[in-house]
Amino acid sequence: MAAHLSYGRVNLNVLREAVRRELREFLDKCAGSKAIVWDEYLTGPFGLIAQYSLLKEHEVEKMFTLKGSRLPAADVKNIIFFVRPRLELMDIIAENVLSEDRRGPARDFHILFVPRRSLLCEQRLKDLGVLGSFIHREEYGLDLIPFDGDLLSMESEGAFRECYLESDQTSLYHAAKGLMTLQALYGTIPQIFGKGECARQVANMMIRMKREFTGSQNAIFPVFDNLLLLDRNVDLLTPLATQLTYEGLIDEIYGIQNSYVKLPPEKFAPKKQGDGGKDLPTEAKKLQLNSAEELYAEIRDKNFNAVGSVLSKKAKVISAAFEERHHAKTVGEIKQFVSQLPHMQAARGSLANHTSIAELIKDVTTSEDFFDKLTVEQEFMSGIDTDKVNSYIEDCIAQKHPLIKVLRLICLQSVCNSGLKQKVLDHYKREVLQTYGYEHLLTLHSLEKAGLLKPQAGGRNSYPTIRKTLRLWMDDVNEQSPTDISYVYSGYAPLSVRLAQLLSRPGWRSIEEVLRILPGPHFEERQPLPTGLQKKRQPGENRVTLVFFLGGVTFAEIAALRFLSQLEDGGTEYVIATTKLVNGATWIESLMERPL
Amino acid sequence: MDCYTANWNPLGESAFYRKYELYSMDWDLKEELRDYLVAAAPYGGPIALLRNPWQKEKAASIRPVLEIYSASGMPLASLLWKSGPVVSLGWSAEEELLCVQEDGVVLVYGLHGDFRRHFSMGNEVLQNRVLDARIFHTEFGSGVAILTGAHRFTLSANVGDLKLRRMPEVPGLQSAPSCWTILCQDRVAQILLAVGPDLYLLDHAACSAVTPPGLAPGVSSFLQMAVSFTYRHLALFTDTGCIWMGTASLKEKLCEFNCNIRAPPKQMVWCSRPRSKERAVVVAWERRLMVVGDAPESIQYKQLTIQVLLDRLVLRRLYPLAIQICEYLRLPEVQGVSRILAHWACYKVQQKDVSDEDVARAINQKLGDTPGVSYSDIAARAYGCGRTELAIKLLEYEPRSGEQVPLLLKMKRSKLALSKAIESGDTDLVFTVLLHLKNELNRGDFFMTLRNQPMALSLYRQFCKHQELETLKDLYNQDDNHQELGSFHIRASYAEERIEGRVAALQTAADAFYKAKNEFAAKATEDQMRLLRLQRRLEEELGRQFLDLSLHDTVTTLILDGHNKRAEQLARDFRIPDKRLWWLKLTALADLEDWEELEKFSKSKKSPIGYLPFVEICMKQHNKYEAKKYASRVGPEQKVKALLLVGDVAQAADVAIERRNEAELSLVLSHCTGATDGATADKIQRARAQAQKK
């Protein structure tokens with residue numbers, strides 16, 4: 001079912017199997033038929049771990065969404081609540097339990113906390129008088145969910161906000177726990193590098209947790225050589241820029257959630273002859289996007305401008321393959337052709353889908369407004385006119401373009417100028433409040449608190465130094481056959497990935513000065529390995545580095561890291577972990593406050 | 001040779017038996033064993049005896065003695081029973097003695113007679129009393145089942161993790177069942193009971209009647225029942241003298257035997273010979289014993305593992321022997337030596353004559369960082385013995401905060417618990433401690449404690465944001481955090497239903513922003529108040545909704561409704577920048593398709609946004625005629641674009657050629673599609689060629 005998880009350098013199927021086993025064990029503890037009551041947020045991430053068939057095998061007969069008042073009728077022995085440990089959810093659960101019909105057959109209640117059991121929540125259940133009603137109260141440590149052969153995410157949407165706005169390190173604690181689970185399965189990671197305040201905290205928690213687990217660790221040969229912990233606020237710039245890879249653009253335009261995307265159905269209508277296009281499907285077309293699909297794996301990380309040629313080449317190959325049938329003469333040849341048919345048909349279906357998606361995207365990317373926006377973004381990132389009011393932004397506001405788009409541009413300008421001049425900042429803020437409503441004052445405060453929007457301190461702009469030292473802007477970018485990570489933003493090399501690249505070669509010592517300008521400490525920790533587990537690298541064997549983005553990562557950054565992994569003389573392969581897969585829009589959205 | 005056979009006696013016609021004393025029991029019984037409650041632990045464990053004076057009606061005044069002996073008869077403990085009447089005794093798998101009292105309280109003792117804990121089988125028992133009780137063992141641990149005076153059953157399948165299940169009522173049950181037992185199937189404990197000729201199976205959901213297959217007819221009562229140790233087999237003894245043996249699932253009969261004895265047996269149990277697969281039932285009457293066989297058992301159970309053996313040694317305080325066994329068997333530390341050392345430490349903390357420092361040091365010296373040792377378990381034991389200071393010292397060695405913190409709270413060391421919780425990074429632990437502290441301290445002290453712990457403070461703020469808004473305000477006030485106070489009141493203003501309330505809340509917010517020296521936010525908030533008041537006036541005068549529209553949308557609405565003067569006034573009052581105002585008017589007038597007014601507006605003064613937007617918006621409304629009017633006024637920089645928009649490719653080409661702009665030339669060329677544009681395309685190509693010559 002999840003073979004694509006095992007294609008990479010690190011077999012992430014091992015992790016998936018481990019969490020599936022844990023789930024089965026819990027379900028079996030509640031003997032007999034069951035109904036699961038879902039915290040709705042969890043259904044997406046759970047879908048990547050276990051399909052309904054697994055649940056059904058373990059006697060799950062009904063599924064409900066958690067909501068107030070009485071539970072729906074279900075003739076089952078067990079009712080299991082799958083919830084995140086949140087107080088407001090406990091209140092709903094208590095309401096469910098208290099309004100249970102006493103005259104009906106008695107049902108057993110259980111709670112599965114994801115990812116962690118919480119004393120605070122149990123206390124709330126106790127205060128509400130229902131704690132004793134639960135036979136099993138357990139936790140399901142689903143911290144890091146495997147999304148692809150080299151990608152793990154916690155899918156914790158509030159992580160950035162909590163960490164950087166509210167000083168709530170809950171998700172950091174879960175990140176550290178997730179890393180401990182990884183180490184239990186893949187061996188101790190000998191070296192930890194990090195940059196940023198949150199990175200430091202996670203490293204501290206890991207070291208502490210290691211002490212707690214002394215003795216219970218299995219002796220496993222380490223699979224990862226390094227761990228790099230990166231704070232999102234070390235690089236606030238990258239997510240603000242529009243991603244220009246295929247996958248990045250799909251996410252920017254349609255939004256990818258738990259590896260699924262919903263697309264407008266018109267382009268995917270089955271082409272039937274004689275059908276005047278009467279029955280156009282009205283429901284969105286839902287597609288799963290991951291490397292299990294051969295074609296997608298090939299094009300997802302390419303710059304969108306390089307996708308078209310691949311698709312047309314593929315089209316030729318596939319139609320040539322179908323043409324083969326005319327040449328098949330002997331029974332043996334026909335047989336061979338038929339045996340390849342399913343694979344060819346799948347390839348043709350996949351090609352049709354991606355051709356449609358590419359057309360949809362092209363409609364957007366060739367629009368004048370997309371071009372204008374990109375031009376402004378690129379000007380900012382290459383350091384042009386970042387210190388005055390930008391007329392494109394003004395026009396966007398005046399025409400009431402989506403607020404998130406406007407905020408994203410203003411923040412980008414602020415970040416590329418180490419903060420805006422007070423007058424410029426106030427002008428933008430006033431324009432936003434007058435046009436979109438004063439209620440957005442709170443959102444502006446949040447953006448300022450997160451450092452995305454700020455007045456320039458001391459009138460000094462340190463961005464040019466950072467840009468030059470880290471070579472963040474590359475003029476000679478090759479979108480078709482790239483030679484540098486800057487292809488993912490057609491010129492801009494994501495800062496975060498540049499840090500990872502420089503760490504592996506020649507090391508961070510070469511960029512001490514810039515590291516001091518970027519927020520938070522940078523550090524290195526070693527985790528001693530027992531003798532016998534130390535790795536002896538074969539000549540030519542690459543290192544494996546796990547890069548953990550605390551506060552979110554974009555698909556373009558992932559693409560850039562994959563590009564580095566594939567470099568022949570790169571020397572390092574990357575596995576990526578994050579608190580949440582984000583793009584500029586979802587990220588800004590998570591910081592917004594809408595009191596109305 | 002007769003010395004070998006001298007002590008063998010005939011049993012029936014073809015078998016002989018002998019009996020000899022293995023151990024001489026070191027007990028001194030004052031009465032017959034039948035007057036005692038007796039419980040022997042499985043696997044040769046200890047034996048507990050409690051004289052049962054409550055059986056007889058009068059003798060309740062003398063307190064009985066609870067005695068515990070090892071299986072070989074050595075006395076282990078003896079204590080005066082000071083608690084209530086006991087219905088039943090039994091040993092748990094962990095060799096804890098469970099004493100079920102008539103009032104439903106179960107007292108738990110260690111094998112040295114040390115009191116461990118107690119729990120109750122439920123409140124309803126208090127009224128109805130316990131008639132009968134059973135202690136049973138399943139793979140989950142040891143359970144207790146009781147039958148109350150109201151003829152209801154309650155059971156807990158595992159006393160280590162107490163969860164009471166009150167079983168459903170048995171319909172029509174007026175008196176105690178003639179016999180009952182616990183069954184365990186599909187990992188669920190059930191009760192099988194006999195009432196007259198009927199058998200009922202009770203699980204926590206339902207009561208169902210069951211019939212043993214192939215039972216000879218004529219039964220009017222079941223006198224005794226027995227289930228095998230593995231819960232696979234069941235034996236029933238009927239008032240017809242019949243012994244029915246079958247599977248506990250009551251799906252299959254193994255055999256049936258009529259012994260022709262109708263008296264109720266005193267006891268009936270399953271037994272098996274070691275290493276044989278044969279199973280048999282032993283039935284005992286006052287002076288008669290009968291063995292009924294023929295039930296092959298397919299699985300041998302090896303429940304007495306090395307772990308259990310070690311546990312037993314530890315319970316008997318034979319620590320060095322246990323350690324030697326571990327070392328001999330090369331058991332991993334976690335399962336072996338460290339566990340035993342931990343037990344030793346738990347014993348050590350009970351030595352009251354040694355000082356706290358010495359005990360703590362001795363324990364740490366021996367245990368060090370041995371993996372798998374739980375210092376908190378040892379500390380809990382120390383606290384249980386009343387040695388709080390020792391417990392705190394021991395907890396210092398505990399690396400797991402999740403274990404450390406709850407115990408510290410229990411010992412009322414909340415502030416220490418708080419700093420330990422913070423150290424761990426586990427926010428749930430921090431919350432837990434905070435809520436403890438909140439109840440324990442007065443508000444001032446609590447806030448003071450928070451102030452010294454910034455991480456805890458920000459977490460508590462988050463909690464208050466969702467749970468206690470008023471407290472959040474107090475916290476900001478205490479810290480003079482005017483910026484956050486301002487935001488707080490902004491949020492609060494939206495909860496106000498009446499506009500006066502909203503404005504008042506906003507005023508408080510503005511004041512706070514001034515105090516925070518955030519002039520921008522203060523002014524913006526005052527503007528918002530001004531807008532709100534204005535919108536209300538507009539609503540009264542114009543009779544349509546304005547509240548909660550942005551300033552921009554308010555002005556737009558006024559223009560759309562034809563109140564141009566008011567719109568102008570509002571734009572002036574709030575100093576809407578000229579550029580945006582032009583965009584706004586342009587959009588609104590085009591929406592109205594008021595082309596005349598739009599033209600007038602375009603001529604009111606020189607447009608600050610140029611005239612291309614005019615062309616664009618007219619084309620958007622599909623009005624080429626109007627669009628063309630503005631195309632001519634577009635400045636040279638955007639002229640080509642404008643001309644192309646209105647479809648005038650030829651003129652666009654002329655302008656581009658005149659401007660000698662390569663990008664524009666390409667743009668026009670890309671618009672040359674139809675046959676009519678052929679000439680234009682040629683013209684551009686010529687111009688290009690000429691430009692290259694130069």
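Residue numbers start from 1 in every chain, and the chains themselves are labelled A, B, ... in the order their sequence lines are given, proteins ahead of strands. Just so we're clear, the structure is a prediction, and the values are computed from it rather than from any experiment.
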Taking side chain as everything from C-beta outward and backbone as N, CA, C, O, which of these in [X] sits under 4.5 Å from a heavy atom of chain A? Side chain, backbone, both or neither.
| X | value |
| --- | --- |
| B:Asn518 | side chain |
| B:Ser401 | both |
| B:Thr587 | neither |
| B:Phe488 | neither |
| B:Ser424 | both |
| B:Lys523 | neither |
| B:Gln483 | side chain |
| B:Gln528 | both |
| B:Leu434 | neither |
| B:Gln467 | side chain |
| B:Phe463 | side chain |
| B:Glu519 | neither |

Q.
Below 4.5 Å, heavy-atom pairs only: which of B:Val430, B:Leu429, B:Asp548, B:Val188 has the largest tally toward chain A?
A.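 Highest number of heavy-atom pairs under 4.5 Å: B:Asp548.
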Chain B contact via [X] - which portion, at a heavy-atom distance below 4.5 Å:
| X | value |
| --- | --- |
| A:Glu368 | side chain |
| A:Glu439 | both |
| A:Ile135 | both |
| A:Lys29 | neither |
| A:Lys400 | side chain |
| A:Leu441 | side chain |

Where do [X] and [Y] come nearest, in terms of heavy atoms and distance?
| X | Y | answer |
| --- | --- | --- |
| B:Thr432 | A:Leu120 | OG1-N, 3.9 Å |
| A:His445 | B:Ala521 | NE2-CB, 3.9 Å |
| A:Phe134 | B:Lys163 | O-CE, 3.9 Å |
| B:Tyr494 | A:Tyr438 | OH-C, 4.2 Å |
| B:Asp428 | A:Arg117 | OD2-O, 3.8 Å |
| B:Trp583 | A:Ala398 | CD1-CB, 3.3 Å |

Q. When A:Gln434 is tested against each of B:His552, B:Arg575, B:Arg580 for side chain to side chain contact (heavy atoms under 4.5 Å, CB included), which residue passes?
A.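 Checked B:His552, B:Arg575, B:Arg580 against A:Gln434; only one passes side chain to side chain contact (heavy atoms under 4.5 Å, CB included): B:Arg580.
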(Q) What I want to find out is whether B:Lys579 reaches A:Glu431 closely enough, with some N-O distance under 4.0 Å, to be called a salt bridge. (A)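 So B:Lys579 does not pair with A:Glu431 through a salt bridge.
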(Q) Salt bridge check, B:Arg165 against A:Asp108: does any charged N sit closer than 4.0 Å to a carboxylate O? (A)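 Looking at B:Arg165 together with A:Asp108, the answer is yes, because their closest N to O distance falls below 4.0 Å.
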